[in-house]
Asks: 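Before I ask anything, here is the structure I am working with.
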Amino acid sequence: MPKNIIVGQSGGPTAVINASLAGVIMEAKDYEAEHIYGMVNGIEGFLKGKYVDLKDKVKTAEELNVLCQTPSSYLGSCRYRLPSPEKENDVYEKLFKELKRLDISALFYIGGNDSMDTIDRLSSYGKLIGSDICFIGIPKTIDNDLAVTDHTPGFGSAAKYVAAVTKETVRDCAVYDLKSITFLEIMGRDTGWLTAAAALAKSEDCEGADIICLPEVPFEIDGFLAKAKELFKVKNNLVVAVSEGLVTKEGKNLCEAYSEIKKVDAFGHKIFSGTGRLLADIAAEKLGCKTRAVELNTVQRSAAHIASKTDIDEAFMAGAYAVRAAEEGENGKMVIFKREGNYKCTAATFDIARIANEVKYVPSEWIASDGLNVTKELTEYIRPLIQGEPETVYKDGLPAHLVL
Ligand code: F6P
């Protein structure tokens with residue numbers, strides 16, 4: 001096994017990203033890695049010399065257990081895109097010099113599409129200069145939009161939260177005898193996997209969400225209003241789940257189409273927020289009903305209090321598997337999940353170049369023909385991922401967290 005290893009977390013956090021970190025730590029300890037370094041604030045922080053030795057920070061089995069139930073990135077995160085080596089070779093020289101100084105033989109990066117691009121670039125550069133460091137990606141994203149893998153760690157817990165909140169919202173909005181629409185705005189920059197999880201609320205004890213709108217289907221206000229009017233003929237209170245990433249048929253984000261303000265993050269990604277509020281205002285004006293907008297915002301990705309045990313266990317497995325893959329000399333790979341039957345999940349690795357920068361969309365056959373709901377196949381795909389509740393460690397009445 002590698003003498004020393006290093007691990008980083010990158011991109012938007014999830015409720016279980018630290019379970020993957022715990023998996024790396026536990027497996028690396030088993031292989032007796034001398035130092036298990038953790039980049040603070042991902043590659044960007046590491047470039048500034050920020051790292052810790054996780055062996056000093058997570059010492060006991062109890063701490064490792066609490067790390068697994070701590071939401072968000074324990075090591076801190078970044079949204080930093082490595083430049084191409086042709087443009088800024090000095091960044092790579094600096095990184096590889098530092099990795100050599102620390103005697104690193106494996107680097108693990110826990111993240112989404114952009115983080116996998118980092119692993120791809122590092123492993124390609126490493127091969128070019130004849131480095132023997134193994135670079136392995138560990139998937140995470142509530143968006144569930146990484147290619148090849150059946151699903152991503154973090155999605156199941158966020159989906160469980162979204163479905164539970166939808167159920168609670170259906171109860172709340174049913175109290176008044178007047179026409180109303182409650183909009184739930186759910187994250188998912190490009191894809192509607194997480195918004196689709198609202199459909200899981202429909203059950204024996206819940207009517208479920210009435211309309212579900214994903215970014216995969218161009219959103220048309222008139223069609224939406226017509227559907228709401230039709231539903232108002234048979235019921236008073238509607239719950240509508242909308243993705244933050246809804247687009248018009250011209251391909252513009254809904255908020256962007258209705259606003260002059262353009263917000264962009266460090267990756268050049270548009271910052272989407274306000275879709276629910278926008279639709280609530282339009283519906284109130286056009287339909288004359290009471291409306292509310294609930295933006296689930298960051299809570300949906302940090303709601304560890306309702307995390308899925310399946311998700312936590314699989315996130316841990318992904319971290320541990322990555323260390324075993326490096327031990328076997330794999331390089332330029334991402335850990336992927338394979339699904340068997342209903343339901344078994346196993347890990348494997350896959351060439352990172354085929355995954356980095358790809359986006360996995362909700363297939364059109366899993367979306368209702370009117371584009372305003374999802375099919376049973378989609379809820380059946382998600383349901384196993386939200387199963388199980390962990391035994392949470394509490395402190396003073398609240399879930400305990402491990403903080404760096
Ligand atoms: O990581 C994915 C994600 O959670 C998206 O669903 C969301 O659009 C984005 O991150 C938000 O990013 P930030 O953490 O920069 O607000």
Side-chain angles (χ1 to χ4, degrees), residues 5-25 37-47 50-51 54 71-83 95 106-124 134-149 151-158 187-191 193-194 265-269 298 301-302 311 314-323 325-326 331-337 347 349-360:
I5 65 151
I6 189 158
V7 53
Q9 296 172 310
S10 165
T14 77
V16 304
I17 185 169
N18 292 327
S20 292
L21 179 64
V24 170
I25 296 171
Y37 294 113
M39 304 174 187
V40 175
N41 294 117
I43 285 280
E44 192 177 26
F46 185 59
L47 275 164
K50 287 164 70 181
Y51 62 89
L54 288 162
S72 189
S73 314
Y74 171 80
L75 288 166
S77 189
C78 67
R79 285 203 182 273
Y80 171 78
R81 187 186 277 276
L82 271 181
L95 266 172
L107 182 151
F108 305 96
Y109 215 36
I110 314 172
N113 323 56
D114 295 317
S115 317
M116 294 312 133
D117 178 63
T118 296
I119 285 290
D120 189 22
R121 283 175 187 246
L122 287 174
S123 76
S124 303
C134 301
F135 296 93
I136 308 278
I138 302 169
K140 81 72 231 181
T141 170
I142 60 162
D143 292 356
N144 197 39
D145 60 355
L146 282 173
V148 184
T149 186
H151 57 280
T152 55
F155 171 64
S157 295
M187 276 184 170
R189 200 165 46 212
D190 306 303
T191 62
W193 295 103
L194 191 54
D265 72 12
F267 269 8
H269 295 146
T298 57
R301 64 186 190 191
S302 55
D311 193 25
E314 291 177 358
F316 189 92
M317 171 172 79
Y321 195 89
V323 176
N331 183 15
K333 301 279 177 68
M334 185 187 89
V335 176
I336 58 159
F337 287 156
T349 53
F350 203 86
D351 187 5
I352 199 104
R354 301 260 312 275
I355 298 175
N357 299 310
E358 288 288 319
V359 176
K360 183 180 74 187

Asks: Looking only at heavy atoms, what is the nearest atom pair of K333 and D351, with distance?
Replies: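 K333 and D351 have their closest heavy atoms at CD-N, 3.8 Å.
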Asks: If we only count heavy atoms from C-beta on, is the K360 to T191 side-chain gap below 4.5 Å?
Replies: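 With C-beta onward as the side chain, the pair stays apart.
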Asks: Roughly how far apart are Q9 CD and M39 CE, rounded to 0.5 Å?
Replies: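 If I round to the nearest 0.5 Å, the distance is 10.5 Å.
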Asks: Tell me, do V359 and N113 make a side-chain contact under 4.5 Å, heavy atoms counted?
Replies: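 Yes; the side chains approach each other to less than 4.5 Å.
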Asks: Taking the side chain as every heavy atom from C-beta outward, state whether H151 and E314 have any atom pair closer than 4.5 Å.
Replies: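 Side-chain contact under 4.5 Å: yes.
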Asks: Rounded to the nearest 0.5 Å, what separation is found between the CD1 atom of I352 and the CD1 atom of I336?
Replies: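 These two atoms lie 11.0 Å from each other.
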Asks: Of all heavy-atom pairs between A315 and S20, which one has the smallest distance, and what is that distance?
Replies: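 Taking every non-hydrogen atom into account, O-OG, 2.8 Å.
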Asks: Could you check whether any side-chain heavy atom of P153 comes within less than 4.5 Å of a side-chain heavy atom of D311, counting everything from C-beta outward?
Replies: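 A side-chain contact under 4.5 Å exists here.
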Asks: For a 4.5 angstrom cut-off between non-hydrogen side-chain atoms, does L95 reach L82?
Replies: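 Counting from C-beta outward, L95 and L82 do come under 4.5 Å.
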Asks: Is any side-chain heavy atom of L107 closer than 4.5 Å to one of I119?
Replies: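 I119 reaches L107 side chain to side chain.
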Asks: About how many Å separate CG of N41 and NZ of K50, when rounded to the nearest 0.5 Å?
Replies: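 With rounding to 0.5 Å, NZ (K50) is 4.0 Å from CG (N41).
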Asks: Looking at every non-hydrogen atom in both residues, tell me the closest pair between G137 and M116 and how far apart they are.
Replies: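 Shortest heavy-atom contact: CA-SD, 3.7 Å.
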Asks: Between Y109 (side chain only) and I43 (backbone N and O only), is there a donor and an acceptor less than 3.5 Å apart?
Replies: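 Yes, Y109 side chain to I43 backbone: donor-acceptor pair under 3.5 Å.
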Asks: Consider side chain to side chain contact (heavy atoms under 4.5 Å, CB included). Of N18, I17, I136, which one does I110 pass it with?
Replies: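 For I110, the side chain to side chain contact (heavy atoms under 4.5 Å, CB included) check succeeds only for I17.
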Asks: I'd like to check M334 versus L146 (side-chain heavy atoms, cut-off strictly below 4.5 Å). Are they in contact?
Replies: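 Counting from C-beta outward, M334 and L146 do come under 4.5 Å.
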Asks: Taking R81 for the side chain and D114 for the main chain, is one N or O donor matched with an acceptor at less than 3.5 Å?
Replies: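 Checked: no pair found.
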Asks: Quick check: does any side chain N or O of N144 sit under 3.5 Å from a backbone N or O of T152, one acting as donor and the other as acceptor?
Replies: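 Side chain of N144 to backbone of T152, a donor-acceptor pair under 3.5 Å: yes, one is there.
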Asks: At what distance, to the nearest 0.5 angstrom, does OG of S72 lie from CZ of R301?
Replies: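 Answer rounded to 0.5 Å: 7.5 Å.
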Asks: Quick one: does N331's side chain have a donor or acceptor within less than 3.5 Å of a partner on F135's backbone?
Replies: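 The answer is yes, because a donor-acceptor pair under 3.5 Å joins these two groups.
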Asks: Is any side-chain heavy atom of V335 less than 4.5 Å from a side-chain heavy atom of M317?
Replies: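 No, side chains not in contact.
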Asks: Please report the closest heavy-atom contact between V7 and L75, naming both atoms and the distance.
Replies: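 Between these two residues, the closest heavy atoms are O-CD1, 3.7 Å.
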Asks: Strictly distance-based, threshold 3.5 Å: is any side-chain N or O of K140 a donor or acceptor partner for the main-chain N or O of G12?
Replies: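 Yes.
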Asks: For G319 and V24, which heavy atoms make the closest approach, and how far apart are they?
Replies: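 That closest heavy-atom pairing would be O-CG2, 3.6 Å.
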Asks: Indicate yes or no for a side-chain donor-acceptor contact from S77 to the backbone of G11 under 3.5 Å, with no hydrogens or angles considered.
Replies: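 Pair found, side chain donor or acceptor close to backbone of G11.
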Asks: Kindly give the heavy-atom pair with the smallest separation between Y80 and L47, and that separation in Å.
Replies: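 So the two residues come closest at OH-CD1, 3.7 Å.
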Asks: Does the D117 side chain pair with the main chain of A356, one donor and one acceptor, at a distance under 3.5 Å?
Replies: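 Not confirmed, D117 side chain does not pair with A356 backbone.
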Asks: Might you work through the side chain to side chain contact (heavy atoms under 4.5 Å, CB included) test for F155 and L194, ending with a clear yes or no?
Replies: CA-CA 7 Å; F155 171 64; L194 191 54; 4.1 Å; yes
Asks: Just verifying a value: how many Å separate I5 CD1 and C134 SG, rounded to the nearest 0.5 Å?
Replies: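 Rounded to the nearest 0.5 Å, the CD1-SG separation comes to 11.0 Å.
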